[in-house]
Amino acid sequence: LRVDAVSALARLQLGYCLLCLGDSSRAMTTLEAMDSYAGVGALQSQLGAAKVYMALAIDSPLSDSGRKVDEEVRCSLRLHRNLSHIWGQIEGGELKNPLEAVQRLRGVCDLDLTTLQAKQLLRLLARASGRSDLLQNMSSLVVPAQHRGTGGHTSSASSRAPSAPPPNRWATGVAAGYDGTRGVLGSGTSTPTSDHMAVGGRFMRG
């Protein structure tokens with residue numbers, strides 16, 4: 001942002017980094033500004049990712065934030081096509097194993113999520129969609145303990161410690177060469193390679 005103060009991608013990445021550090025307050029302030037990029041400087045997927053990270057940052061058992069979190073989650077599904085596609089598979093019963101659902105969420109090419117964050121997002125998606133029945137087996141999914149972030153902030157989404165094998169990164173046929181259902185972008189890596197970067201940078205254009 002020091003180089004390009006109006007870069008939507010840079011702001012999105014900064015917001016996510018703050019989220020991972022457990023600084024939810026600064027993450028929310030950073031991500032809230034993404035709304036100003038709508039229609040003028042950000043891709044739909046970037047705006048959708050910002051809504052996901054906002055929901056993760058706001059979500060707290062210590063506050064009455066449920067309605068706001070649900071609004072952010074529903075908005076993310078409207079904006080983020082790849083996330084919406086995966087949620088449709090989960091909601092439709094194609095992914096019955098909670099671990100598989102979490103891994104599939106982590107594999108979305110233009111949405112960075114740790115295992116902890118993916119599990120949290122799955123819970124929020126189910127709640128916002130009125131599908132709490134999908135979470136019956138979630139308690140069996142082992143994830144690492146919470147870690148304290150910088151500045152005294154803590155967040156259930158702050159841990160970077162892996163608890164499951166890295167997922168394949170994929171998209172739903174948004175570029176040439178994909179089969180329209182599940183275009184695999186990697187082989188067991190959560191970070192796009194140089195080939196993936198050529199498709200659209202750290203967050204794929206789509």
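Side-chain atoms are counted along with the backbone in the values below, which use heavy atoms only and exclude waters and symmetry mates.
- Residues Y53 and L111 meet the side-chain proximity criterion, which asks for heavy atoms closer than 4.5 Å.
- Side chains of R11 and T30: a donor-acceptor N/O pair is absent below 3.5 angstrom, by distance only.
- Partner of H80 under the side-chain contact (heavy atoms from CB on, under 4.5 Å) criterion, chosen from D110, L47, L43, I86: D110.
- Between L124 and A55 the shortest heavy-atom distance is CD1-O, 4.0 Å.
- No donor-acceptor contact under 3.5 angstrom links the side chains of R81 and Q44, judged on distance only.
- Looking only at side-chain heavy atoms (C-beta outward), L12 and L14 stay at 4.5 Å or farther from each other.
- A pairwise comparison of heavy atoms in A27 and G15 identifies CB-O, 3.6 Å as the closest pair.
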(message) Please evaluate residues K51 and D35 with respect to the criterion side-chain contact (heavy atoms from CB on, under 4.5 Å), reporting the C-alpha separation (whole Å), side-chain torsions for both, the decisive distance (0.1 Å), and the verdict.
(response) CA-CA 9 Å; K51 293 298 183 182; D35 288 340; 3.2 Å; yes
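- When all heavy atoms of S60 and S65 are compared, the closest pair comes out as N-OG, 3.8 Å.
- Atom NZ of K119 and atom CG of L99 lie 10.5 Å apart (nearest 0.5 Å).
- Using a distance-only test at 3.5 Å, with no hydrogens or angles considered, no donor-acceptor pair links the side chain of Q120 to the main chain of Q117.
- L19 contributes atom CG, which lies 8.0 Å from atom OG1 of T114 (distance to the nearest 0.5 angstrom).
- Within the model, atoms CD1 of I58 and OG of S25 stand 11.0 Å from one another, a figure rounded to the nearest 0.5 Å.
- Interatomic distance, CE of M54 versus OG of S76, reported as 12.0 Å (0.5 Å rounding).
- Contact of the L121 side chain with the L83 side chain is registered, since non-hydrogen atoms from C-beta on lie closer than 4.5 Å.
- Looking at every heavy atom in both residues, L113 comes nearest to V52 through CD2-CG1, 4.4 Å.
- Listed here is the closest heavy atom pair of Y37 and S7: OH-O, 3.9 Å.
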(request) Check step by step if side-chain contact (heavy atoms from CB on, under 4.5 Å) holds for S45 and L79. (result) CA-CA 6 Å; S45 60; L79 292 167; over 6 Å; no
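- Across all their heavy atoms, S84 and L77 have their closest contact at CB-O, 3.4 Å.
- Side chains of R123 and D59 form a contact here, defined as non-hydrogen atoms less than 4.5 Å apart.
- In this structure, L125 and I90 have side chains that are not in contact, with every pair of non-hydrogen atoms separated by 4.5 Å or more.
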(message) Run the side-chain contact (heavy atoms from CB on, under 4.5 Å) test on R127 and V69 for me, step by step, so that the C-alpha distance in whole Å, both residues' side-chain angles and the decisive distance to 0.1 Å come before the verdict.
(response) CA-CA 10 Å; R127 188 183 71 189; V69 173; 3.5 Å; yes
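- Annotation: side chain of W87 is in contact with side chain of L122 (closest heavy-atom distance under 4.5 Å).
- You'll find the side chain of N82 stays beyond 4.5 Å of the side chain of H85, heavy atoms only.
- A side-chain donor-acceptor contact under 3.5 Å links S36 to the backbone of A33.
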(request) List the steps, then state whether salt bridge (Lys or Arg N to Asp or Glu O under 4.0 Å) holds for R67 with E71. (result) CA-CA 6 Å; R67 181 174 299 179; E71 290 176 357; 5.6 Å; no
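- Of the possible donor and acceptor atoms, none in the side chain of R106 sits under 3.5 Å from a partner among the backbone N and O of D112.
- In this structure, Q13 contributes its side chain and A10 its backbone to no donor-acceptor pair below 3.5 Å.
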